[in-house]
Structure formats: structure tokens, C-alpha cells
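Worksheet for the structure shown next.
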Amino acid sequence: MHWSERIGTDLSRHATVIKTERGDVEVAREGDGIPVLIIHGSPGGFDQGLMYGCHLRDNGCELIALSRPGFLGTPLSSGQTPTEQADLYAAVLDALEIERVTVLGYSSGGPSAVLFAAHHPDRVRSLLLDSAVLGNYNFSPGLVERLLLFSSFGTWFWHTVAQRWPKVAASVLVDGSSTGLDKPQRRAAVEWILADKERLKIFQGMLTSFAPWKLRRAGFNNDGDNENDLAPLPIAEITCSTMITHGLNDSVVPVELAIRASESLMSGELVLIDEGHHFLPIDRHFQTTMERRLQFVHSDK
């Protein structure tokens with residue numbers, strides 16, 4: 001069996017495609033406690049959501065991780081625009097018979113997470129936005145970047161490197177997702193990832209969540225089209241408690257988007273992580289923020 005088929009087969013064992021009034025959606029659930037809807041980044045899928053949110057799962061939350069339209073088992077026809085995706089999330093909760101959730105929107109999951117909170121306030125207890133796209137964002141990878149990262153070869157290559165030579169892959173990830181860090185800071189960031197088996201597992205899982213590319217390409221391209229022409233988000237209309245978390249040294253999504261968005265929040269807080277790169281759960285300065293996050297999630301009942 002081809003490596004991508006093995007990954008695809010394994011993924012299919014951990015999620016279910018459900019029917020909603022707005023189309024089919026692939027969903028996986030893990031844990032017990034406060035329901036948290038995880039809106040993954042790009043590329044990604046439900047597997048990235050489960051991996052990204054495991055710190056919540058391990059601390060009294062149930063993860064409801066879906067694959068956004070165009071990723072894995074959710075067809076693009078279920079919602080191409082962020083607004084359509086936000087309405088799709090409400091339909092998912094209806095199908096699962098869940099009244100309200102905390103929402104975590106990561107990276108390219110930011111726009112639809114914001115729109116869900118603004119347009120369906122009765123369904124959202126609180127909102128977490130991590131490294132999120134919160135404003136007009138022109139992401140245009142060059143040919144070399146597409147070949148090395150966003151391609152069938154690239155996803156196979158980095159999945160393999162992460163499994164066999166994790167230090168090499170971690171170094172590339174930190175260098176590629178951060179800006180303004182000196183050599184000792186980058187080395188410390190890599191060592192932090194490698195020093196703990198659970199963090200290493202999350203790191204490897206995040207890279208694997210780019211593969212197989214053929215099952216994520218449509219969603220990735222759709223996100224690019226949406227973000228290159230993103231209308232202003234209704235952040236000022238959000239009524240639930242909101243926490244925006246962003247790394248000060250994130251080179252993927254500019255921290256200025258988080259700062260600007262926080263100024264429009266009705267009820268919320270901005271947490272900026274010193275030396276923080278784009279992949280916050282495996283950032284060495286995330287621990288204090290995680291503790292604050294757990295207080296935030298569990299206090300807003």
C-alpha cells in the first residue's frame with residue numbers, strides 16, 4: 001500500500017462523515033468535559049485539530065474536531081467561503097445535538113471562527129483565536145516553497161524527515177515559522193520540542209497533518225483564494241469572551257493582525273508570546289498561556 005493510502009486509511013478510522021443541512025462534514029471527537037470546537041489551519045484537517053487541541057482534551061474538555069470544506073472527508077461544496085463555513089459549524093452542532101461550544105480557531109481557521117461567533121452568538125460560549133488570520137492576508141508561496149511544502153512530494157518528504165530525523169525537521173519548522181530570533185533562541189526552541197515525548201508527538205503530528213496532499217489541496221487552494229480577498233471581519237460584533245493568542249515572532253501570520261483585531265474586541269484579551277512562532281502548542285513559552293487558557297475556558301460556563 002502506498003504511504004499516502006496508509007495515512008488516509010488510518011485517518012478514516014478516527015473520524016465519521018456526518019450529514020448536516022448544509023452538507024457532509026467529517027468529524028472526530030475525543031475527551032470528556034466542556035465541548036470545544038476546533039477549527040484547523042491550512043493545510044490541515046480534523047487530525048490537526050485533535051493534535052493542536054490535546055492540551056485542552058487532557059484538561060477537562062471534549063474536542064470536536066472537524067475537517068473544513070476541501071480537507072480530507074469534507075467536500076468543498078459544503079462551504080467555500082468563511083461565512084458559509086461558519087453556518088456549516090452551526091449545522092454540525094445541530095446534527096450532533098450540541099447547544100453551545102467553546103471555539104478554537106487556529107491560523108486559517110480564524111476567519112470562519114470569528115464569523116461563527118459573530119453570526120451565531122447563541123452557539124458560542126467563548127472564543128480562542130491562535131496565530132489566526134484576522135485581517136486581509138496575502139499568502140502567496142513561491143514555486144520552490146510549493147514544491148518543498150505544498151505538494152505530494154513535499155508532504156511525503158517532511159512526514160518522513162519528521163519521523164526519522166526529528167531534529168532536522170524541527171529546525172526547519174522553527175526557522176520557517178519564526179522571524180527575528182537569533183541562533184541561540186532558535187536552538188532553544190528546537191531543543192524544547194525534542195525534550196518531551198508528547199511535544200515531539202504533537203510536532204510530528206502537525207507535519208503529518210499536511211498529508212496526503214491530494215486530500216487537502218482543494219481546501220488549501222480555497223483558503224488562499226479567500227484570504228487574498230478577505231473582507232473585514234466583524235470582530236466588534238462578537239459578544240462572547242475572547243482570547244487572542246499570537247507569537248511575537250510569528251513569520252507565517254503577522255502579529256499586527258492580532259493586535260489590530262484585539263482593539264475591536266467587546267470583551268476579550270490579547271496574549272502575546274515572547275519568542276513565539278506559529279505553532280504555539282510546541283512553543284517553549286506557551287506553558288503559562290496554557291494555564292491561563294484553561295482558567296479562561298473553565299470559568300466561562
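All figures in this text were calculated on a predicted structure; none of them were measured in a lab.
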Please check this pair: side chain of [X] against backbone of [Y], looking for a donor-acceptor N/O pair closer than 3.5 Å.
| X | Y | value |
| --- | --- | --- |
| R216 | G44 | yes |
| Q185 | D182 | yes |
| Q163 | T160 | no |
| R186 | L181 | yes |
| D283 | H277 | yes |

Would you check if [X] and [Y] make a side-chain contact, meaning some heavy-atom pair closer than 4.5 Å?
| X | Y | answer |
| --- | --- | --- |
| P111 | L233 | yes |
| I64 | L96 | yes |
| V253 | S107 | yes |
| C240 | M266 | no |
| F220 | D223 | no |
| D24 | I18 | no |
| Y52 | D130 | yes |
| M51 | L207 | no |

Are [X] and [Y] joined in one hydrophobic group, where the rule is that I, L, V, M, F, W and Y side chains link up if heavy atoms are under 4.5 Å apart?
| X | Y | value |
| --- | --- | --- |
| M290 | L200 | yes |
| V25 | L76 | no |
| V252 | L272 | yes |
| V17 | L72 | no |
| L270 | L265 | yes |

When rounded to the nearest 0.5 angstrom, what is the spacing between [atom1] in [X] and [atom2] in [Y]?
| X | Y | atom1 | atom2 | answer |
| --- | --- | --- | --- | --- |
| F71 | E26 | CZ | CD | 12.0 Å |
| S209 | I202 | OG | CD1 | 12.0 Å |
| L294 | N59 | CG | CG | 4.5 Å |
| D87 | H119 | CG | NE2 | 8.0 Å |
| N136 | N228 | CG | CG | 7.5 Å |
| T245 | L280 | OG1 | CG | 7.0 Å |

Are F46 and H40 an aromatic pair by the rule of ring centers under 6.0 Å?
no
Run the side chain to side chain contact (heavy atoms under 4.5 Å, CB included) check on L88 and T20 step by step: do they pass?
CA-CA 8 Å; L88 181 66; T20 78; 3.8 Å; yes
Would you please classify the geometry between the F153 ring and the W156 ring as parallel, tilted or perpendicular, with 30° and 60° separating the classes?
tilted
Which word best sums up how the rings of H55 and F286 line up, parallel for under 30°, tilted for 30 to 60°, or perpendicular for over 60°?
perpendicular
Within the 3.5 Å criterion, strictly below it, is a donor on S112 or Y89 matched to an acceptor on the partner's side chain?
yes
Criterion side-chain contact (heavy atoms from CB on, under 4.5 Å) against V103, the qualifying member of L129, L127, I38:
L127
Return the minimal non-hydrogen interatomic distance between [X] and [Y], and the atom names on each side.
| X | Y | answer |
| --- | --- | --- |
| A169 | A162 | CB-CA, 3.8 Å |
| C61 | H298 | SG-NE2, 4.2 Å |
| I39 | A113 | CG1-CB, 4.4 Å |
| A117 | V124 | CA-CG2, 3.8 Å |
| L134 | A258 | CD1-CA, 4.2 Å |
| S171 | V190 | CA-CG2, 3.6 Å |

Go through T102 and L37 one step at a time and tell me if the side chain to side chain contact (heavy atoms under 4.5 Å, CB included) criterion holds.
CA-CA 6 Å; T102 288; L37 181 67; over 6 Å; no
Side chain to side chain contact (heavy atoms under 4.5 Å, CB included) against R292, all qualifying residues, sequence neighbours excluded:
M243, E269, Q295, F296
Please enumerate all residues that pass side-chain hydrogen bond (donor to acceptor under 3.5 Å, both in side chains) together with R217, with sequence neighbours excluded.
none
Can F210 and H159 be said to form a ring-ring contact (aromatic ring centres under 6.0 Å, His included), step by step?
CA-CA 8 Å; F210 288 19; H159 164 74; over 10 Å; no
What side chain to side chain donor-acceptor pair (under 3.5 Å) pairs are there with at least one residue in [range], not counting sequence neighbours?
| range | answer |
| --- | --- |
| residues 69-78 | none |
| residues 198-207 | none |
| residues 248-265 | H246-D250, D250-H278 |

For atom CG of D122, decide whether the heavy atoms of other residues, nucleotides or ligands shown that lie under 6.0 angstrom number more than 12.
yes
For H120, which residues count as a ring-ring contact (aromatic ring centres under 6.0 Å, His included) partner, sequence neighbours excluded?
F116
Regarding [X] and [Y], does a basic nitrogen lie under 4.0 Å from an acidic carboxylate oxygen?
| X | Y | result |
| --- | --- | --- |
| E99 | R123 | no |
| R284 | D274 | no |
| K183 | D175 | no |
| D32 | R57 | no |

Carefully, step by step, assess E191 and L194 under the rule side chain to side chain contact (heavy atoms under 4.5 Å, CB included).
CA-CA 5 Å; E191 291 174 351; L194 302 176; 5.8 Å; no
From CA spacing to verdict: side chain to side chain contact (heavy atoms under 4.5 Å, CB included), R29, I98
CA-CA 12 Å; R29 301 172 72 170; I98 298 174; 3.6 Å; yes
